Amino acid sequence: MSVVRMAREGIYALARATGGMALVRRSRFRRERLLILCFHGVSLDDEHEWKPALFIRQEVLRERLRQLRDGGYSVVSLDDGVRRLRDGTLPRAAVALTFDDGTYDFYARAYPVLEEFGYPATVYQTTRYSEVGTPVFDVFVSYLLWKGRHRTVDLSTVVPGAPAGAPAGALDTPARRDAAFWTILRFADTHGLDEVARQHLAERLAAVLGIDFRSLVAKRIVSLMTPGEMAELAGKGIDFQLHTHRHRLFEEREAFTADLHMNRSLLEGATGRVATHFCYPSGVYRRDAMAWLREAGVTSATTCDPGLAAHDTPSLLLPRLVVTESLSPLTFESWASGLAELLPRRTRLAHPEAREP
C-alpha cells in the first residue's frame with residue numbers, strides 16, 4: 001500500500017471513529033449528490049485473480065451491498081437518480097448501481113445478489129458478441145495466456161508464419177504475455193478472420209497451453225449475455241443501457257453513430273425499451289463523441305473518473321466510483337458517505353482534452 005493510500009485510510013478511520021463520516025453522510029452536501037457505482041465482472045471462476053481491477057468475487061459484491069443497506073443509503077435506479085439529481089429531489093445518501101459490459105457472470109453471479117437485496121441496477125451492455133454465443137475473442141486470448149502463465153508457448157504452432165519461439169517463449173511475465181497477445185491479435189486482424197476462425201485460433205492456443213477449452217466455453221467465461229437472458233432480466237427490472245456495439249469509441253462520426261445505432265437496436269429488440277443512457281467504453285471519452293451522443297438523443301453518459309455527481313455536473317460526464325477487489329471496505333464507505341469527495345485527489349482518468357462545451 002502506498003504512503004498516500006495509507007494516509008487516506010488513516011483519515012477515513014479517524015473520521016469514522018469520531019463520527020465525522022456519519023456527519024457528512026447526513027449533510028446537505030451529500031443529500032445533493034449522487035454516487036454512481038461501477039462494477040464490471042463478478043467471477044465465475046478465477047477471473048478476479050487474472051484481472052482484479054475488472055472482476056470481483058461474488059462475496060465482495062454481497063458485502064458492498066450489505067454496507068449500503070446497513071449504512072442507511074438510498075439505492076435508486078440510474079434513471080431515477082439522474083432525474084432527481086437535476087430536480088433536487090434526491091433521497092438521503094443516494095447511490096445508483098451500474099455494471100459494465102453485460103457478461104454472462106452478471107446473469108449468473110451478480111443478479112442473484114441484487115435480488116437478495118431488492119436493489120435496482122443498470123447494465124451498460126455491449127452487444128457484438130451477444131448473438132454469437134462465443135467468448136469475446138481478445139479478452140479470452142488474454143485470459144488463456146494468463147491461465148498458461150506457467151507454460152512456454154511456441155507461437156508458430158498457434159499463429160501460422162510466426163517465428164518459432166517468438167516473440168514470447170515463457171509466459172511468466174505480463175510483458176511476455178502482452179507480446180504473445182498482440183502477435184495473435186495482429187494475425188487475426190491482418191488476415192480478416194471471422195468469428196468462427198477466431199474461436200478456432202483461441203482453441204488452438206488453449207490446446208498448446210494444455211487448457212480445457214470446452215470447459216471454459218461451457219462455463220461462459222468472458223461471454224456476453226444472450227438476447228434471451230437480457231429479456232429475462234429486463235422483465236425482472238434490470239435496466240439495459242448503451243455501451244457501444246463493438247466496445248469501442250470510434251473517432252469518425254459516421255462509424256460512431258452506426259455502432260451506437262446497432263447497440264441501441266439490439267437492446268431494444270431484446271428488452272422492448274429504448275436506451276437513452278450511455279457509458280464510455282473503457283472510460284475513454286472525447287468532446288466530439290459528446291456532441292454525437294446529444295444528436296442521438298442520449299440523456300446521460302458515465303465515465304470511470306471517481307467522484308459524486310452534483311446538480312451542475314455535465315450530464316455527459318457523470319463520474320463513477322469503480323469497485324475493485326482492492327477497494328477496501330473503509331474506502332468504499334468513505335466514498336458512499338461523501339467524505340472521500342471532500343479530499344484532494346487525482347480526478348481524471350480518461351482523455352485529458354474532454355470537456356463539455
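As the structure is a computational prediction, the values presented were derived from the model and not from experiment. Along the sequence shown, the residues carry numbers beginning at 1. Just so it is clear, the values below take in all heavy atoms, side chains as well, and ignore hydrogens, waters and symmetry mates.
Using a cutoff of 4.0 Å between basic side-chain nitrogens and carboxylate oxygens, Glu232 and Lys236 are scored as salt-bridged.
When all heavy atoms are compared, the tightest approach of Thr226 to Arg220 is CG2-NH2, 3.8 Å. Heavy atoms only, all atoms of each residue included: Leu155 and Ala180 are closest at CD1-CA, 3.9 Å. The two atoms that bring Asp259 and Arg246 nearest to each other are OD1-N, 3.2 Å, heavy atoms only. Summarising the geometry of Tyr129 relative to Glu195, their closest heavy-atom pair is OH-OE1, 3.0 Å, with the distance given to 0.1 Å. Of all the heavy atoms in Ala96 and Leu34, the pair that sits closest is N-CD1, 4.1 Å. Taking both residues in full, the closest heavy atoms of Leu342 and Phe29 are given as CD2-CZ, 3.4 Å, listed atom of the first, atom of the second, then distance.
Using a distance-only test at 3.5 Å, with no hydrogens or angles considered, a donor-acceptor pair links the side chain of Arg198 to the main chain of Leu193. With hydrogens and angles ignored, the 3.5 Å screen pairs a side-chain donor or acceptor of Ser337 with a backbone N or O of Ser334. With hydrogens and angles ignored, the 3.5 Å screen pairs no side-chain donor or acceptor of Arg273 with any backbone N or O of Gln241. At distances below 3.5 Å, not a single donor-acceptor pair connects side-chain atoms of Glu295 with backbone N or O atoms of Thr257. Judged by distance alone, with hydrogens and angles left aside, the side-chain atoms of Arg92 form a donor-acceptor pair with the main-chain N or O of Gly72 at under 3.5 Å. The backbone N or O of Ser315 sits nowhere less than 3.5 Å from a side-chain atom of Ser300 that would complete a donor-acceptor pair. Without hydrogens or angle criteria, Thr313 side chain to Ala310 main chain gives a donor-acceptor distance under 3.5 Å. A donor-acceptor contact shorter than 3.5 Å links the side chain of Arg30 to the backbone of Arg33. Side chain of Asp138 to main chain of Leu185: no donor-acceptor pair is present (N/O by atom type, distance under 3.5 Å, no hydrogens or angles). Formation of a donor-acceptor pair under 3.5 Å by the Gln58 side chain with backbone atoms of Arg109 is found in this model.
When ring centroids are compared, Phe137 and Phe140 stay outside the 6.0 Å threshold.
Side-chain atoms of Trp292 and Asp288, non-hydrogen and from C-beta on, do get closer than 4.5 Å to each other. Leu54 is not listed as a side-chain neighbour of Phe39, based on a closest heavy-atom distance of 4.5 Å or more. For the pair Met290 and Pro314, the minimum side-chain heavy-atom distance is 4.5 Å or more. Counting heavy atoms from C-beta on, the side chains of Arg84 and Pro91 come closer than 4.5 Å. Counting heavy atoms from C-beta on, the side chains of Tyr124 and Phe99 never come closer than 4.5 Å. Phe55 has its side chain out of reach of Thr324: every pair of non-hydrogen atoms, C-beta onward, lies at least 4.5 Å apart. Two residues are said to be in side-chain contact when any heavy atoms from C-beta on lie closer than 4.5 Å; Val76 and Val95 fail this criterion. A heavy-atom distance below 4.5 Å is found between the side chains of Leu233 and Tyr111.
No side-chain donor-acceptor contact under 3.5 Å links Asp101 and His40. At a cut-off of 3.5 Å, with distance as the only test, no side-chain donor of Thr126 or His243 sits close to an acceptor on the other residue. For the residue pair Thr331 / Glu9, a side-chain donor-acceptor distance below 3.5 Å is found, with atom types taken as modelled. Judged by distance alone, the side chains of Ser130 and Gln125 never bring a donor and an acceptor atom under 3.5 Å apart. A donor-acceptor contact under 3.5 angstrom links the side chains of Thr103 and Asp105, judged on distance only. Using modelled atom types, one finds no donor on one side chain facing an acceptor on the other under 3.5 Å when comparing Tyr73 with Gln67. No donor-acceptor contact under 3.5 angstrom links the side chains of Thr303 and Arg320, judged on distance only.
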- Task: With side chain to side chain contact (heavy atoms under 4.5 Å, CB included) as the test, would you mind laying out the steps for Arg264 and Leu242 before giving the verdict?
- Result: CA-CA 6 Å; Arg264 176 177 271 158; Leu242 303 164; 3.6 Å; yes
- Mind running salt bridge (Lys or Arg N to Asp or Glu O under 4.0 Å) on Arg83 and Asp79 for me, showing each step along the way? CA-CA 6 Å; Arg83 177 182 57 79; Asp79 188 72; 5.2 Å; no
- Evaluate side chain to side chain contact (heavy atoms under 4.5 Å, CB included) for Arg62 paired with Leu65, printing each intermediate quantity in order. CA-CA 5 Å; Arg62 182 175 285 109; Leu65 298 190; 6.0 Å; no
- Query: Between Asn263 and Thr244, does a side chain to side chain donor-acceptor pair (under 3.5 Å) hold up when you go through it step by step?
  - Reply: CA-CA 5 Å; Asn263 189 212; Thr244 74; 5.6 Å; no
- Task: Go through the steps to decide whether Glu63 and Arg66 satisfy the test salt bridge (Lys or Arg N to Asp or Glu O under 4.0 Å), and finish with yes or no.
- Result: CA-CA 5 Å; Glu63 177 56 30; Arg66 185 179 295 116; 2.7 Å; yes
- Task: Would you sort out whether Thr152 and Leu171 count as a side chain to side chain contact (heavy atoms under 4.5 Å, CB included), showing the intermediate values?
- Result: CA-CA 6 Å; Thr152 297; Leu171 297 173; over 6 Å; no
- Task: Kindly indicate, with the supporting measurements, whether the criterion salt bridge (Lys or Arg N to Asp or Glu O under 4.0 Å) is fulfilled by Glu32 and Arg28.
- Result: CA-CA 6 Å; Glu32 294 176 345; Arg28 179 178 177 182; 2.7 Å; yes
- Could you go step by step and tell me if Ser156 and Asp154 meet the side chain to side chain donor-acceptor pair (under 3.5 Å) rule? CA-CA 5 Å; Ser156 65; Asp154 179 353; 2.6 Å; yes
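Among the candidates Thr122, Leu318, Leu308, the single residue satisfying the side-chain contact (heavy atoms from CB on, under 4.5 Å) test with Ile36 is Leu318. Considering Glu49, Glu325, Glu47 in turn, Glu325 is the only one that fulfils the salt bridge (Lys or Arg N to Asp or Glu O under 4.0 Å) rule with Arg57. Just one residue in the list Leu209, Val208, Ile211 forms a side-chain contact (heavy atoms from CB on, under 4.5 Å) with Arg151, and that residue is Leu209.
Judged as a ring-ring contact (aromatic ring centres under 6.0 Å, His included), the pairs with a partner in residues 258-278 (not counting sequence neighbours) are, in order, Phe278-Tyr280.
Both Val42 and Tyr143 are assigned to one and the same hydrophobic cluster, defined by single-linkage of ILVMFWY side chains at heavy-atom distances under 4.5 Å. Note: the hydrophobic cluster containing Trp50 also contains Val217 (ILVMFWY, side chain heavy atoms under 4.5 Å, direct or indirect links). One hydrophobic cluster, built from ILVMFWY side chains closer than 4.5 Å, cannot hold both Leu266 and Leu249; they sit in different ones. Under the 4.5 Å side-chain heavy-atom criterion for grouping Ile, Leu, Val, Met, Phe, Trp and Tyr, Leu330 is connected to Leu339 within one hydrophobic cluster. Both Met230 and Leu97 are assigned to one and the same hydrophobic cluster, defined by single-linkage of ILVMFWY side chains at heavy-atom distances under 4.5 Å.
Atom OH of residue Tyr107 and atom CE of residue Met225 lie 10.0 Å apart, to the nearest 0.5 angstrom. Between the OG1 atom of Thr271 and the CG atom of Asp239 there is a distance of 8.5 Å, given to the nearest 0.5 Å.
Atom CZ of Arg69 has more than 12 heavy atoms from other residues, nucleotides or ligands within 6.0 Å.
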